[in-house]
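Reviewing the structure listed below.
Everything quoted here is computed from the prediction, not taken from an experiment. Sequence positions, counted from 1, serve as the residue numbers for this chain.
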Amino acid sequence: MGKQLVLLLALAATLSNCSATSTERSSADRTPEAQGAQPEIISREQWRAKSANGGMTAQTVIGIIIHHTGVRSNISTSIEAKMRGLQAFSQSPGRVSPSKSKPSWPDVPYHFYIDARGSIAEGRDVRFAGDTNTGYDPRGYIQIAVEGDFEHEAVRPEQREALRGLLKWLLVRWNLPTSSVTIHKLHAPTDCPGRNLIPEIEAILREI
């Protein structure tokens, strides 16, 4: 099996493996204490993104949704290669599981991607809603994906720090309270973002 095919299969799993069940909603309704500095973000130009296709839906940002990719983290592939592979998969029709297919999307479905090393990449333009295959309305939300299957693996310290910095900056940048940060499983029947990431998110929101 070629390296490119392995990457595409992993990306397909990324878009499908956020699935199971549950409900829990809570967070203090407050804004971050201090001015959040923008973390280092690998731009679309740096990862050599193609232009987004037509058909994206404009949005007014009201909150943030956090996801995991649902597949084991991979430190051997660069974040630039992962983003190019994710965009190629997203912009073509394809299967996200043996029984479920997806249409071609205009661009990558997430606005930010945090890889296994804690690097952050810019995804879809935040001014436009993301895409999903789990049947909820993504309009109004900044979508953040953290690489890993956090039902089964631990969050790396560098990923936690990257997520903390990104959230703090986004909350200040968009003048959002911490209560506007939610997780995928509150919007759709899924285990995403995984039982090991959820307490880390809760702790980060208490810290900022």
Side-chain angles (χ1 to χ4, degrees), residues 14-15 18-44 52 56-70 105-115 118-148 150-151 155 159-208:
T14 289
L15 296 170
C18 285
S19 37
T21 330
S22 202
T23 50
E24 299 149 21
R25 187 183 288 266
S26 67
S27 243
D29 191 6
R30 54 191 170 77
T31 51
E33 308 169 338
Q35 181 73 20
Q38 179 175 335
E40 184 176 343
I41 297 173
I42 296 165
S43 69
R44 290 175 64 88
M56 292 196 295
T57 302
Q59 68 173 1
T60 299
V61 173
I62 61 170
I64 297 168
I65 299 176
I66 301 173
H67 307 255
H68 70 169
T69 59
W105 291 329
D107 202 357
V108 294
Y110 309 116
H111 299 102
F112 297 96
Y113 186 102
I114 298 173
D115 78 352
S119 298
I120 305 170
E122 175 189 18
R124 185 176 297 208
D125 187 329
V126 172
R127 296 172 300 172
F128 298 93
D131 278 295
T132 180
N133 62 13
T134 56
Y136 73 96
D137 186 353
R139 288 176 296 181
Y141 296 98
I142 296 172
Q143 310 284 346
I144 299 174
V146 185
E147 181 181 327
F150 299 119
E151 278 293 293
V155 181
Q159 291 180 302
R160 186 190 192 281
E161 191 57 30
L163 180 59
R164 185 182 188 280
L166 180 59
L167 283 174
K168 190 168 185 177
W169 172 63
L170 288 172
L171 290 172
V172 172
R173 167 71 180 80
W174 293 94
N175 194 29
L176 298 170
T178 54
S179 61
S180 69
V181 180
T182 57
I183 55 178
H184 188 185
K185 70 186 292 183
L186 297 181
H187 299 266
T190 174
D191 280 337
C192 180
R195 59 187 172 185
N196 294 325
L197 180 54
I198 291 169
E200 298 290 353
I201 294 168
E202 292 169 347
I204 287 170
L205 293 177
R206 288 193 297 270
E207 293 167 9
I208 61 176

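- Using a 4.5 Å heavy-atom threshold, the side chains of Pro193 and Phe150 count as separate.
- Taking Asp107 as the reference, Arg44 meet the salt bridge (charged side-chain N to carboxylate O under 4.0 Å, His left out) condition, with sequence neighbours excluded.
- At distances below 3.5 Å, not a single donor-acceptor pair connects side-chain atoms of Glu151 with backbone N or O atoms of Asn196.
- By the 4.5 Å heavy-atom criterion applied to side chains, Pro39 and Ile41 are counted as neighbours.
- Closest heavy-atom contact between Ala37 and Trp169: O-CB, 3.6 Å.
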- request: Take Tyr141 and Ile62 through the test side-chain contact (heavy atoms from CB on, under 4.5 Å) and record every step on the way to the result.
  value: CA-CA 6 Å; Tyr141 296 98; Ile62 61 170; 4.1 Å; yes
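- To the nearest 0.5 Å, atoms CD1 (Ile198) and CD1 (Ile183) are separated by 4.0 Å.
- To the nearest 0.5 Å, atom CD1 of residue Ile144 and atom OH of residue Tyr113 are 13.5 Å apart.
- With rounding to the nearest 0.5 Å, the separation of NZ in Lys185 from CG in Asp191 is 5.5 Å.
- When the salt bridge (charged side-chain N to carboxylate O under 4.0 Å, His left out) test is applied to Arg173, no partner is found at least two apart in sequence or on another chain.
- Scanning both residues, Tyr136 and Ala188, for their nearest heavy atoms gives CD2-CB, 4.0 Å.
- Here the CZ atom belonging to Arg206 is positioned 12.0 Å from the CD1 atom belonging to Ile201, to the nearest 0.5 angstrom.
- When the options Arg124, His67, His184, His111 are evaluated for a side-chain hydrogen bond (donor to acceptor under 3.5 Å, both in side chains) with Gln143, the one that passes is His67.
- Residues forming a salt bridge (charged side-chain N to carboxylate O under 4.0 Å, His left out) with Arg160 (at least two apart in sequence, or on another chain): Glu200, Glu207.
- Among Val146, Ile142, Leu167, the one residue that satisfies the side chain to side chain contact (heavy atoms under 4.5 Å, CB included) test with Phe112 is Ile142.
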- prompt: After noting the C-alpha distance and the side-chain angles of Leu170 and Leu176, does the key distance pass the side-chain contact (heavy atoms from CB on, under 4.5 Å) rule?
  reply: CA-CA 8 Å; Leu170 288 172; Leu176 298 170; 5.9 Å; no
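- Closest heavy-atom contact between Gly130 and Pro138: O-CG, 3.2 Å.
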task: Carefully, step by step, assess Trp174 and Val126 under the rule side-chain contact (heavy atoms from CB on, under 4.5 Å).
output: CA-CA 11 Å; Trp174 293 94; Val126 172; 3.5 Å; yes
task: Take Leu205 and Ser179, measure what side-chain contact (heavy atoms from CB on, under 4.5 Å) needs, and give me the verdict at the end.
output: CA-CA 9 Å; Leu205 293 177; Ser179 61; over 6 Å; no
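- In terms of modelled atom types and a separation under 3.5 Å, the side chain of Gln159 and the main chain of Glu147 share a donor-acceptor contact.
- Closest approach of Ala162 and Gly118 over heavy atoms only: CB-O, 3.2 Å.
- For the pair Asn133 and Pro109, the minimum side-chain heavy-atom distance is 4.5 Å or more.
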